[in-house]
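See below for the structure under consideration.
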Amino acid sequence: MPQYFGKLQKTEQPWSTIGSVESINKTDRTIHFNCGETSLNLSILAPNLIRVRMSPTGEFKSRSQSITVPDEEWEITPFEVRETDEKIEIETAQITISVNRDRASVECFDKSGKPFASDCDPSMGWRAGATAGWKRIEAEEHFYGFGQRTGFLDKLSEVKTHWTIDALDYNSLSDEMYQAIPFYIALSPDRAYGIFFNTTFWSRFDIGAEQPGVLRMETRGPELDYYIIYGPEPAQILATYTQLTGRMPLPPKWALGYHQCRWSYDSEDVVRELAKQFRDRAIPCDVIHLDIDYMNGYRIFTWSPKRFPDPAKLLADLKAAGFKVVTIVDPGVKYEPEGDYEVFDRGVENDYFVRTAEGRLFHGYVWPEKAVFPDFLRPEVREWWGELHKNLTDMGVAGIWNDMNEPSIAERPFGDGHQHVWFPLDAPQGPESEGATHAETHNLYGLMMAKACSEGLQKVRSGERSFVLTRSGFAGIQRYSSVWMGDNLSQWEYLEMSLPMLCNMGLSGVAFVGCDIGGFAENATAELFARWMQVGMLYPLMRGHSAINTAQHEPWVFGDRTEKICREYMNLRYQLLPYIYTLFWEAATTGTPILRPLLYQFPRDRATYHLYDQVLLGPSLMAAPVYRPGVEHRAVYLPEGSWYDWWTGECYQGPTHILADAPLERMPLYVRGGGIIAIAPVKQFVSEEPLESLKMRIWPGSGEWTLYEDDGHSFEHEQGVWATTNYKVYLEEEKIIVEIAAREGQFSISEREVIVEVVGVGEQRFTDDGTVRRLTFG
Ligand code: GLC
């Protein structure tokens, strides 16, 4: 990114560091440390959540661009302050924070006295245009999260920069990506904690790369502001982190089905034929995405009269066949002063587009060539943009796909060798009164576009949940949108990288994520495509996509064998939807990831710390996919406990390694003993009716699981119209007991048949009327 670094690269001045503590004063939430000209504030927001703020000037600027819940909205948390000659100690119900008087450095301790998130010497500092903090990396600590990241799971000894870019051609060594989420989880066998670096400016974590044992966080912003979140396990960290930055709303249930996309299905006829193929071949699909060619000359919020002459009719016919349509919306608005383009005209008239510091309308080049860009940081611009979606939803569009919103802009028309640029860093952004520039808000552009979209859709599709997908975002993006990992390649390495990427997104609070199944650029082989569909079935967002000028990538184009494999795994996805929908509900209510690396569930087990090629879908189902051509066996690690082979029912005792059979038709899948998974009948698309029959597959052992149901499309669940049913399994004197609690909630479900299968033991059926049951097996 030559333009940016060319402008901002600092000469390496020495750091000025914070001085000693001269005095302190205390309010309900905050201890203020007066360190000469510098100020340090520690705010106790929850027993496991501390905000640390340091200002070199002694003044804290009010931060309108911050995305976190404001301090004053947290309940008052009791804490004790003890002062000695050397230090000031603050103790909450979960942790102790100690501030050294000499150096004003912060150390944290858990209740057993083990240190974590502790400052080094120096602790905090600044130099021209940069502020930084230094943390000690404890022995055995490993680092996860960091938002969207390539490579594998653990980021120890790496450098992670937060600056959203169009990461076209990314690979396993890339640093900046489409998303910027300055958050990580540090895990060691006896505890875990998280740090959220609360800066929207360019920022960077150096995780012991420059100096082993030292993590440096650095921002181009004027103050140091970060949150320490104590675990001791990743689940509590994510619960608190998503309380701080927000949780995802429950999406419509159809968005959990299969999405088919291509750049582009570029006419009504092509789209009708695509839909027909899915139904004729009995391959399930819920959503068809329309890429940029549905528009009239890449003008946002228009339809091409030639290719899509009657979108309302097309979308109504698709709806009748069980398909929803998602259309792409890019931020670049065609520059058309001479034309008759409403969006451009209104935007100029109301001064909604980004201007340079000198007041000139900024323009760059994207699909429609010369384009201007809405300033999504301004509420009135977001409102205007949100309502423009009516042009699409009036035709029946049910979801929106936001792309190119890093923002991705070229300095001349797209073509060989064009350079990417962004708005000048001093371009004003957001409400004038706040005085923010692009340097402060660049990372928020995609998030604010997604916010405009999501809030707009709530208005224009009132009463219906919508689906939003975005390429760029910042911490908190989960509140507005799902995310896909951008332009990957049809290569085995990208298939392999997809799960650790999505797992680190989940560990960064963003649960609804996916990669382009089959790979976006280049041509998949039949074998790669079959393996990718197996893995894709596990992606929370299951979308196949491919680029212009590549071979077609639909499930049937690779011949019968591949088609059969795709159908089987896509059917399995649909069968698992009651289980997966419940995982979405958990993510929406607690911030828990849907797709999890094994370390999430087994944080005490060191063997999971680098295990990137096996994942858990929810608490019970573990997959060990194949990522290489010609491979028909693979080693699988089974952590502590009993594990059952999904396909054969064979039981293994962990911890152990096994060699699994994995011919092309078979992705190794395992269930934990005591695992409970709800299975629905195979469907061609998600039905909005409550399930008329249900199978509960239960594996011997002890466990518990709650099934969540609601109408899948309205907001009534927010008013209590949902249903949960708790299932419990345990052993009692050689017998397996399954207890089903009375259904809770106000969502009404007619009597239905439920089959409870204890795998390898037997099954029982009953008519479920929502009352308590106790079943005995064996
Ligand atoms: C970008 C997107 C890709 C899309 C293409 C055309 O490359 O990442 O998904 O198909 O633009 O809109």
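Atoms within each ligand, like the ligands themselves, are counted from 1 in listed order.
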(request) Ignoring angles and geometry beyond distance, decide whether Asp516 reaches within less than 3.5 Å of ligand 1 through its nitrogen or oxygen atoms. (result) no

(request) Give the residue, atom name and distance (to 0.1 Å) of the protein heavy atom nearest atom 5 (C) of ligand 1. (result) Trp263 CE3, 3.7 Å

(message) So, regarding Asp403 and ligand 1 (criterion: nitrogen or oxygen to nitrogen or oxygen, under 3.5 Å), is there a contact or not?
(response) yes

(message) To check you understand the geometry: which heavy-atom pair defines the closest contact between Ile67 and Ala475, and what is its length?
(response) CD1-O, 3.3 Å

(message) With heavy-atom distances below 4.0 Å as the criterion, list the atoms of ligand 1 near Ile328.
(response) 12 (O)

(request) Show which atoms of ligand 1 fall inside a sub-4.0 Å distance from at least one heavy-atom site of His545. (result) 3 (C), 4 (C), 9 (O), 10 (O)

(message) With a 6.0 Å cut-off on the ring centroids, do Phe467 and His259 count as close?
(response) yes

(message) Which of the numbered atoms in ligand 1 are under 4.0 angstrom from any heavy atom belonging to Ile292?
(response) 6 (C), 12 (O)

(request) Answer yes if the ring centres of Tyr445 and Phe373 are under 6.0 angstrom apart, and no otherwise. (result) no

(message) Would you say that Asp266 contacts Tyr294 through its side chain, given a criterion of any heavy-atom pair below 4.5 Å between the two side chains?
(response) no

(message) Counting only heavy atoms, tell me which of Ile548, Asp487, Asp291 gets closest to atom 4 (C) of ligand 1.
(response) Asp291

(message) For Arg628, is there an ion pair with Glu496 - N to carboxylate O distance below 4.0 angstrom?
(response) yes

(request) Determine yes or no for a side-chain-to-main-chain donor-acceptor pair under 3.5 angstrom, with Arg471 supplying the side chain and Asn402 the backbone. (result) no

(message) Can you tell me which portion of Trp484 lies within the under-4.0 Å heavy-atom range of ligand 1? Options are side chain, backbone, both, or neither.
(response) side chain

(request) Could you list which atoms of ligand 1 come closer than 4.0 Å to a heavy atom of Phe520? (result) 3 (C), 7 (O), 9 (O), 10 (O)

(message) Using a 4.0 Å cutoff against the non-hydrogen atoms of Trp367, which atoms of ligand 1 qualify?
(response) 6 (C), 11 (O)

(message) Can you confirm if the aromatic rings of Phe205 and Tyr184 lie within a centre distance of less than 6.0 Å?
(response) yes

(message) When you measure from the heavy atoms of Trp401 to every atom of ligand 1, does any distance fall below 4.0 Å?
(response) yes

(request) Check whether the ring centres of Trp163 and Trp422 lie less than 6.0 Å apart, and answer yes or no. (result) yes

